[in-house]
There are 2 protein chains.
Amino acid sequence: MNIYDIAELAGVSIATVSRVVNDSPRVSEKTKQRVRAIMEENGYTPNVFARGLGLDSMKTIGIICPDVSDSYMASAAFHLEGRLHEYGYDCILCCSGSRQENKEKYVSLLLNKRIDALILVGSTYAGEGGDDRKADYVRNAAKTVPVFMINGYIKGDHVYCAFSDDYGATYDVASQMIEAGRRRILFLCDSHSYSANQKLAGYEAALKDHGLPVLGDLKLYVKNRIHSVRDILLERRDLNFDSVLATDDGLAVGAIKYANAKLLKIPEELCITGFNNSALSICCDPELSSIDNKVEELCAITTDQMMAVLRGEEKPVAQKSQVPCRLVKRCTTDF
Amino acid sequence: MNIYDIAELAGVSIATVSRVVNDSPRVSEKTKQRVRAIMEENGYTPNVFARGLGLDSMKTIGIICPDVSDSYMASAAFHLEGRLHEYGYDCILCCSGSRQENKEKYVSLLLNKRIDALILVGSTYAGEGGDDRKADYVRNAAKTVPVFMINGYIKGDHVYCAFSDDYGATYDVASQMIEAGRRRILFLCDSHSYSANQKLAGYEAALKDHGLPVLGDLKLYVKNRIHSVRDILLERRDLNFDSVLATDDGLAVGAIKYANAKLLKIPEELCITGFNNSALSICCDPELSSIDNKVEELCAITTDQMMAVLRGEEKPVAQKSQVPCRLVKRCTTDF
DNA sequence: CTGAAAGCGCTAACAC
DNA sequence: GTGTTAGCGCTTTCAG
């Protein structure tokens, strides 16, 4: 059943059918009704490929993240898909891992698929270790379709970034820890992404602003595996810390396990905060205070901006949108 | 840059270029090389829409799950995407929730998008509460494209199901509990899906086979929220149980929290098992023994079968593939 | 307000 | 081994 069949049944030309499908105003209400009825009866739906060929768009958005099995990204994917679907778009989801080569491959693959826009979830796409040129492939992609980053920032034409205030979040938490009497805050981290660097910067700034030294051995970079974090902490007897600021809940739970293993009282002897406010934080014992970085809000901002861009609205949309984080206090902090 | 441009630059016809693109054997190696070089130079990639129009396929697989932010489904999405990508397919991901109406809507939406195959993740698509007709929309979809279910089963032409042996898993665990001296096993569940029913059946069969009564009040259906599970258990003082068989790790963690709140010794006074072997199970305290239901393996089976079907291979592929589960023993069991 | 016809870029059957 | 050509189903001028 194609447009010709409908045209014939309705006794009009295919042009008219097409106009009805696209709800063009230049068709009389009467014929619209008639054609619509016939389409309904015959369960006609336009062929998306033919449509794509003509319009050069299939109303699909490409989403790339390193790994959807990560709860933060899974949550992002969920919210993005839900909202985009409401706007009539579908999502192609890709998991690129974190190797530069694969990220680039996926981006070009999606570009070839003629997506209408690209969403990059996670700050790994903003270039690691401060090397800004590693994000050039993103800027290039942005020459073809608008690119939206979630929780990362790079400067570039047609790239729109929404991220949480990781700097402010760690600055505040570290400050509160210090003001509550903590002097040796362990910064526990698992990456060198844009976001991780922001968190580090907030932590360091808080130390400085409170007249505390920034010590290299209190910045610990480890793999994000609960047991391995616990074991590393157990082994590193040289480390001397009275609090832990972790950049991810998994790391923080590792610290909790460490404290429990050493029979340290939480939060009295060791105060701990995590990041992402994930399911892990209410699962562990004691339950973890965690910084909520508001994925859902980032997704909302992103999709709204995207629609504004795709619809070519007048007023320019912000290329940088920051949303504040919020510490959800549970049992591992005493401030 | 389209096929005509390349043809002109290479001094051949578009047919030849097309043949080169599709690596047809009926082109001389020499011209292949030449045409390829030109395509390379000009960064040519065939237009997927035009291609789709001709072939009626864009090499995309539709994946529907109730909610990717759930760790089981996120993990499934991750593995499926990874494997399908290796086979040259992309994935359109949709989260349908669990309302019948939305499931049907998403299925027809994807069908209109001319996906090459459909994957349904989660047993909710197999019809709830044993009403098999609720799965008719799946059978209908299967008239258009092959349908693959992960962790659910319905009978139907062109629908291929891979699921874990939930029945066997709960049968075994319940049996072991009983043989270890437990007499009152609480069955903790949050749904009436195909999979949940299998688990229940396994549990009940184990009780019967060991001469134990199947008690209605030891089958508890609750919402899958850790704290609410704990609170319900705390409130239900009438409930008398010495072990918990939960159909999801989240539920099991709720039971752990309950035991901890009542200062019950785990596993001595309360032995607990979860399901899915998720991150939660190593996060809680004590760490949870959990049934690993092998998502990755299900995904592998599914994608392999799908390729066999899509390639129209000779030998028929199984419509029912069951993989055994495995109890990962941690600290909440003593058998 | 409606119709005719020219693409959109590619595939594949058919010639040579 | 290569070229010609007719679709694939829709959108969109351009006429009327």
Side-chain angles (χ1 to χ4, degrees), chain A residues 1-39 42-60 88 111-116 144-145 310 312, chain B residues 1-39 42-60 88 90 111-116 144-145 310-312:
Chain A
M1 182 66 47
N2 62 27
I3 202 172
Y4 292 94
D5 301 325
I6 299 297
E8 186 154 2
L9 288 172
V12 295
S13 73
I14 59 163
T16 298
V17 177
S18 175
R19 289 192 187 100
V20 172
V21 166
N22 295 289
D23 202 24
S24 156
R26 334 194 293 174
V27 184
S28 74
E29 206 47 48
K30 230 173 78 183
T31 52
K32 249 186 200 175
Q33 306 262 297
R34 186 156 43 91
V35 174
R36 283 220 183 91
I38 303 217
M39 300 197 308
N42 296 273
Y44 166 76
T45 41
N47 180 303
V48 284
F49 298 144
R51 205 142 196 238
L53 230 203
L55 300 174
D56 201 37
S57 155
M58 248 180 69
K59 295 261 238 175
T60 51
L111 254 27
N112 287 338
K113 280 257 174 176
R114 308 279 177 145
I115 51 172
D116 295 292
T144 310
V145 295
L310 291 180
Chain B
M1 182 67 45
N2 62 27
I3 201 173
Y4 292 94
D5 300 325
I6 299 297
E8 184 155 4
L9 287 172
V12 296
S13 74
I14 60 162
T16 299
V17 177
S18 176
R19 288 191 187 102
V20 173
V21 166
N22 295 290
D23 201 24
S24 155
R26 335 193 292 176
V27 184
S28 74
E29 206 48 51
K30 230 173 78 184
T31 52
K32 250 187 198 173
Q33 305 263 296
R34 187 155 45 89
V35 174
R36 284 222 182 88
I38 302 219
M39 299 197 311
N42 296 273
Y44 166 77
T45 41
N47 180 305
V48 284
F49 297 144
R51 210 150 192 226
L53 230 203
L55 300 174
D56 200 38
S57 153
M58 247 182 69
K59 295 262 240 176
T60 52
D90 293 320
L111 254 28
N112 286 337
K113 279 256 172 177
R114 308 281 177 142
I115 51 172
D116 295 292
T144 311
V145 294
L310 291 179
R311 287 173 187 153

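Protein chains get the first letters and strands the later ones, always in sequence-line order, with residue 1 at the start of each.
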- Could you walk me through whether M58(A) and K113(A) pass the side-chain contact (heavy atoms from CB on, under 4.5 Å) check? CA-CA 9 Å; M58(A) 248 180 69; K113(A) 280 257 174 176; over 6 Å; no

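Rounded to whole Å, the distance from CE on M58(A) to C1' on dG9(D) is 14 Å. In this structure, the CD atom of E8(A) is 15 Å from the C1' atom of dG3(C), given to the nearest Å. For the pair R34(B) CZ and dG1(D) P, the interatomic distance rounds to 15 Å; values are reported in whole Å. Here the P atom of nucleotide dG9(D) and the CG atom of N112(B) are 15 Å apart, to the nearest Å.
Taking side-chain N and O atoms only, S28(A) has a distance below 4.0 Å to OP1 or OP2 of dT2(C). In terms of phosphate contacts, T16(A) brings a side-chain nitrogen or oxygen within less than 4.0 Å of OP1 or OP2 of dG3(C). Close to dG1(D), at under 4.0 Å from its OP1 or OP2, lies no side-chain N or O of T31(B).
Results of the side chain to side chain contact (heavy atoms under 4.5 Å, CB included) test with M39(A) over T45(A), D5(A), L9(A), V20(A) single out V20(A) as the only residue that passes. Considering I3(B), N2(B), I38(B), N22(B) as possible partners of V17(B), the one that fulfils the side chain to side chain contact (heavy atoms under 4.5 Å, CB included) test is I3(B). The side chain to side chain contact (heavy atoms under 4.5 Å, CB included) test with V145(B) singles out one residue from L111(B), L310(B), D116(B), and that residue is L111(B).
For the helix from dC1(C)-dG16(D) to dC16(C)-dG1(D), the terminal axes (five pairs an end, C1' atoms, rotation from four pairs onto the next four) enclose an angle of 30°, given to 10 degrees.
For K32(B) (side chain) and S24(B) (main-chain N/O), a donor-acceptor pair under 3.5 Å exists by modelled atom type.
N47(A) has its side chain within reach of R114(B): a pair of non-hydrogen atoms, C-beta onward, lies under 4.5 Å apart.
In terms of heavy atoms, S13(B) sits closest to A7(B) at C-CB, 3.7 Å.
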- Task: Any chance you could list the contact pattern along nucleotides 8-16 of chain C? Use B for base contacts, S for sugar-phosphate-only contacts and - for none, protein heavy atoms under 4.0 Å, 5' to 3'.
- Result: BBBBBBB--

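E8(B) CD: 12 or fewer foreign heavy atoms inside a 6.0 Å radius.
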